[in-house]
Amino acid sequence: MNSNKGDSSDHTSHTSQDATPVIGPDGNPILSPEKPRFESNSLGKWRITTQNAGISAMQLQTMPEDKVVWFDTTFLGPSALELKPKGNCPINFETNVPDCYAHALEYDGLHDTTRPLTIKSDPWCSVGSLSATGTLVGSGGYYKGRSAIRLLKPCPNCDFTEKSFVLGSERWYASQHILEDGNLVIVGGRKSFNYEIIPPDTFNIPIKKFDFPFLQQTTDPVENNLYPFLYLVPDGNLFLFANNRSIIFDPKTAKIIRELPPLAGGSRNYPASGMSAVLPIKIDPKNPEKVYFDIMVCGGASPFAFFPVDSVQARPKPKNVYWPALQDCNKIKLMDPNPHWEKDMLLSPRVMGDMLILPTGDLLILNGAKKGAAGWWNGDDPNLTPELYMPKQKLGSRFKQLHPTTIPRMYHSTSAVLSNGEVLVAGSNENDRYVYQGVPFPTELRVEKFTPPYLDKSLDKHRPKILTKPKKVKHGGPFSFKYAITTPPPQPLEASDLKMHMLSPPFTTHGYSQQQRMLVLDVRMRGPDTVQAVAPPNARIAPPGYYILFLVHRGVPSAGIWVRLVTK
């Protein structure tokens, strides 16, 4: 990465005074070329925010206003968080024995406080996403939770409501995504070679289930196609990646529109758990419905890496049975006439990692292991060093290693981007119970936060502040808010100095942050302290629901605000 030394000096800075755009003959503002980013020498830093959260974060969803919900499993014994008051031990309807322990909690991402939640149907290896109203819709899981639905509304004292035996198929290790009409599609799961579409926020579900042979075709002797990578494409179809193959299909008919080139080198889905994300989607105000849609698939494992670590009797296992993880990182430009995989290389191998879109539009790659595969006792050599992926850099110089953590985060670890720009990191349990000693990697209950380089104090003078909240963000409609730069520089800002980034909060589990995407909006100046942008044009490009809105000044993001994108 270019250091751009001197970019953070005052002579390159601009202010928001007197900024009226120059309008071209087509009625759009004439934008100057983008200036270099302000840079810091920081590699980020880590701090522990909670020593014992009580529940291992196997599955995690960020809710509106930075309430982070995570849960483990109700079937594999007690957690480390007792229910209150003492003696509150409801009967676990799956095991039929009293359970005095919580299995879900709400973590306040900005204040580091916890609130136990009640969950009954086992959510182990389940899936979820936010509906357009901000309700967490959890689907599937294990035992009596395999076809369950769990709902959690975004309100201060709300708790889960749930119902078992609702879905049309069992969904263990499935994937889920909101569609343009607000319905949810749930794809796959162990031995479930189909998908279904359900309405959100309700248990009264008319089953719309479609057989889907592609899921069976991509299953190998150890599967390697669970938690498939699933994305809504700008034309309303769905992209699905399973094992090493990918397709585009019509969710209304199950018709495969296009089969894409296989990705060579190994397997990418559970248990060879790689990572995936969509690169930020730039909306061109001149042609808002024409967008690029580039998908990343990185890391993973050999399709055979699970075999030598499969036996649960042989633990701890000899070091030589853990095969090296994959180190390649691949991009496909889905909207190209003939899309193909462009190969790059991570700076270290990684399986079971997380890939998050940061407020700047860069990607953060963290957690995971350098050897082995996903599953209990199946990983070794934890990868403690995050990597930053910078998509605008040249091929071969897009990755940068950041400051390492000291806490291994492998199987059943999770992470989330918060509105203040920090990254919350939790979980990791290589064991089939809560185990704290006598094993190579004990159950991890500490919660960390990573402060990325863009939050370095040396950049604070360039940091924008959002001063007001947009009243409404509607597809295709303009919205505006007031802002300020921390230290106003001497010259006027140009419109190209600022970007609005809208980040959807994903459901993260098993190395895959589902439903994650970022929209990049150009801004127009409206006086000395007001900016305006036009929201994404439709729900195919940006599904309805809650987003975190950041104002980014030449690579330096503001603290974000939560907004709701609506279609009406």
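Basis for what follows: all heavy atoms, side chains included, without hydrogens, waters or symmetry-related copies. Heads up: numbering here begins at 1 and tracks the sequence.
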Between [X] and [Y], is there a side-chain N and carboxylate O pair less than 4.0 Å apart?
X      : Y      : result
Asp362 : Arg37  : yes
Lys67  : Asp108 : yes
Glu342 : Lys333 : no

Relative to the ring of [Y], is the ring of [X] parallel (under 30°), tilted (30 to 60°) or perpendicular (over 60°)?
X      : Y      : value
Phe293 : Tyr231 : perpendicular
Phe38  : His553 : perpendicular
Tyr270 : Tyr227 : perpendicular
Tyr195 : Phe210 : parallel

Is it the case that over 12 heavy atoms from other parts of the model lie below 6.0 angstrom from the NZ atom of Lys392?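 12 or below, so no.
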
Determine the sole option in Val520, Asp294, Ile357 for which the side chain to side chain contact (heavy atoms under 4.5 Å, CB included) test with Leu279 is passed. Asp294

Do we see a donor-acceptor contact under 3.5 Å between the side chains of Ser129 and Gln176? yes

How about Trp70 and Tyr107: are their ring centroids closer than 6.0 Å? yes

Under a 4.5 Å cut-off applied to non-hydrogen side-chain atoms, are [X] and [Y] in contact?
X      : Y      : value
Arg258 : Pro339 : yes
Met502 : Pro536 : yes
Thr508 : Pro506 : yes
Gln515 : Phe507 : no

List for me each residue that meets salt bridge (Lys or Arg N to Asp or Glu O under 4.0 Å) alongside Lys252, sequence neighbours excluded, and say none if there are none. none

Within 45° cone and under 6.0 Å: Arg150 NZ/CZ vs Phe160 ring: no

Judged by atom type as modelled, is there a donor-acceptor pair below 3.5 Å linking the side chain of Thr468 to the main-chain atoms of Lys482?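 Side chain of Thr468 to backbone of Lys482: a pair is present.
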
